[in-house]
Amino acid sequence: MKYCIVYGGPRKKNTYHAVQIVKKRLAALGPAEFIEFYLPQDFPKFCTGCYTCFMKGEEKCPHREYAGPIESAMLEADGLIFASPVYVMEMAAPMKNMLDHFGYLFMAHRPRREMFHKSALIVSTTAGAGTKYAINNIARSLSYWGISRIFRCGVTLWSEGFDDMKESRRIKAEHSLVRSAERLYESLKKGPSTSIRTKVMFFIMKQAVFKFADNPADRTYWTEQGWAQGEKPWNQTKGKQE
């Protein structure tokens with residue numbers, strides 16, 4: 001299995017530690033290959049809201065040198081892992097910035113067929129509160145990319161770090177992380193699965209692309225994929241789309 005991991009914060013502390021528990025369990029379940037990105041180091045530029053990716057194509061993004069490698073790694077991976085600490089009851093700003101750059105992957109624009117076949121895990125840690133807000137907002141972007149199977153694991157430490165946690169709480173947190181890794185692995189072993197919600201969203205977005213929005217780049221893309229003619233991304237093979 002190939003896994004693409006994106007760390008949303010620069011510190012290798014609690015969220016990083018949580019992901020190491022996940023990685024260890026995934027590697028124990030079967031051969032695992034990990035490619036990792038660390039924000040903001042691997043994506044230091046902020047989205048300027050220039051609309052270039054929407055209207056002229058993502059390859060014209062002024063920050064494509066950073067967005068391109070991450071997108072390629074995500075598309076090539078079987079499973080995706082997004083990890084963010086909680087900053088002020090939300091995901092860390094570097095994670096939000098990265099997701100902003102991938103707005104063109106939304107189903108209302110130019111979603112990738114590969115995303116409809118993936119599973120993702122979102123991990124978030126906090127000393128107090130807020131993992132639900134951080135996780136849910138990351139999950140919203142992923143769902144609009146076409147990912148149906150999104151697993152969530154929020155860890156509330158009530159302390160500065162894992163080593164300072166009460167033993168019972170630490171054991172519970174580690175068990176939750178291990179179980180989340182198992183759920184991700186089991187989902188990937190089971191094979192592609194697209195939810196009814198994702199399918200309905202896709203058909204709604206198809207109407208938006210061809211009846212309401214005026215974006216030739218999006219319409220051309222949908223037509224080239226065969227989706228305008230009735231093809232569905234969750235039924236397509238890589239070779240067929242290419």
Side-chain angles (χ1 to χ4, degrees), residues 4 6 8 39 43 45-77 80 82 90-91 93-120 122 133-150 192-242:
C4 177
V6 180
L39 308 179
F43 212 134
K45 300 293 186 179
F46 276 91
C47 178
T48 62
C50 65
Y51 271 74
T52 299
C53 64
F54 292 132
M55 307 307 294
K56 297 181 180 180
E58 60 276 9
E59 69 281 356
K60 301 293 185 180
C61 171
H63 307 146
R64 189 60 185 172
E65 63 182 297
Y66 303 107
I70 295 178
E71 181 184 345
S72 295
M74 291 193 298
L75 294 179
E76 291 173 5
L80 308 179
F82 295 85
E90 249 297 357
M91 74 178 87
M95 179 67 79
K96 178 62 168 64
N97 175 57
M98 188 206 73
L99 294 175
D100 287 345
H101 278 85
F102 291 123
Y104 63 87
L105 293 180
F106 273 38
M107 279 187 266
H109 296 287
R110 298 185 296 280
R112 301 301 189 252
R113 182 263 321 152
E114 291 93 334
M115 291 298 183
F116 291 84
H117 298 266
K118 296 189 185 301
S119 297
I122 305 171
Y133 299 108
I135 290 172
N136 286 348
N137 286 336
I138 294 172
R140 183 173 59 238
S141 280
L142 304 191
S143 67
Y144 278 107
W145 291 358
I147 301 175
S148 294
R149 299 170 298 176
I150 303 172
S193 177
T194 302
S195 69
I196 295 298
R197 180 180 181 275
T198 299
K199 293 178 179 180
V200 170
M201 191 184 305
F202 176 82
F203 287 115
I204 291 174
M205 296 306 174
K206 180 178 179 179
Q207 299 302 309
V209 169
F210 288 101
K211 291 188 178 181
F212 303 108
D214 184 18
N215 187 334
D218 292 347
R219 293 180 179 179
T220 297
Y221 178 83
W222 277 65
T223 301
E224 289 175 347
Q225 305 315 307
W227 302 340
Q229 299 90 331
E231 290 281 1
K232 303 171 183 63
W234 51 86
N235 291 338
Q236 292 177 292
T237 62
K238 186 173 182 180
K240 186 173 183 179
Q241 187 175 13
E242 292 178 346

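Owing to the predicted nature of the structure, the values given are computational and were not obtained by experimental measurement. Along the sequence shown, residues are numbered consecutively beginning with 1.
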Within the side chain of Trp145, is there an N or O that forms a donor-acceptor pair under 3.5 Å with the backbone of Gly103?
no
Heavy-atom closest contact (Ala108 atom, Asp218 atom, distance)
O-OD2, 3.6 Å
Within a strict 4.5 Å, meaning less than it, do heavy atoms of the Cys50 and Pro62 side chains meet?
yes
d(Ile135 CD1, Phe82 CZ) to nearest 0.5 Å is 13.0 Å
Can you tell me how far the CG atom of Asn97 sits from the NE2 atom of His63, to the nearest 0.5 Å?
8.5 Å
Donor-acceptor pair, side chain of Lys118 and main chain of Gly146, under 3.5 angstrom
no
Less than 4.5 Å apart, any side-chain heavy atom of Glu114 and any of Met74?
no
Test item: Leu99 and Met91 side chains (from C-beta on) under 4.5 Å apart, heavy atoms:
yes
Is the closest basic N to carboxylate O distance between Glu58 and Arg112 below 4.0 Å?
yes
Kindly give the heavy-atom pair with the smallest separation between Cys47 and Asp100, and that separation in Å.
CB-CB, 4.0 Å
Measure up the Tyr144 and Phe106 rings against each other and bin them: parallel (under 30°), tilted (30 to 60°), perpendicular (over 60°).
parallel
Report yes or no: does Ser141 contribute a side-chain atom to a donor-acceptor pair with the main-chain N or O of Ile138 at less than 3.5 Å?
no
Rounded to the nearest 0.5 Å, how far apart are CG of Leu75 and SG of Cys4?
9.5 Å
With no hydrogens and no angle check, is any side-chain donor or acceptor of Arg110 less than 3.5 Å from a backbone partner on Ala217?
no
Scan Phe54, Tyr104, Tyr221, Trp222 and name whichever one has a ring pair (Phe, Tyr, Trp, His ring centres under 6.0 Å) with His109.
Phe54
Salt-bridge contact Glu90-Lys96 (side-chain N to carboxylate O under 4.0 Å):
no
Please report the closest heavy-atom contact between Lys232 and Gly230, naming both atoms and the distance.
NZ-O, 3.3 Å
Test side chain to side chain contact (heavy atoms under 4.5 Å, CB included) applied to Phe102 and Ile70, step by step:
CA-CA 10 Å; Phe102 291 123; Ile70 295 178; 4.1 Å; yes
Any donor-acceptor N/O pair, Arg219 side chain to Ala213 backbone, under 3.5 Å
yes
Please report the interatomic distance CG(Leu142) to CG(Leu80), rounded to the nearest 0.5 Å.
7.5 Å
Nearest heavy-atom contact between Glu59 and Lys56 is OE2-O, 3.6 Å
Quick check: closest heavy atoms across Ser195 and Ser148, and the distance to 0.1 Å?
N-OG, 3.0 Å
Tyr66 vs His101 side-chain heavy atoms within contact, under 4.5 Å:
no
What's the separation between atom OG in Ser193 and atom NE2 in His117, rounded to the nearest 0.5 Å?
11.0 Å
Mind checking whether Gln225 and Arg113 have side chains closer than 4.5 Å, heavy atoms only?
no
Taking every heavy atom of Asp214 against every heavy atom of Met55, the minimum-distance pair comes out as O-CE, 4.3 Å
Atom OH of residue position Tyr133 - does it have more than 12 heavy atoms of other residues, nucleotides or ligands inside 6.0 Å?
no
Roughly how far apart are Cys61 SG and Tyr51 OH, rounded to 0.5 Å?
14.5 Å
Hey, can you tell me if Trp234 and Phe116 have their rings parallel, tilted or perpendicular (30° and 60° cut-offs)?
tilted
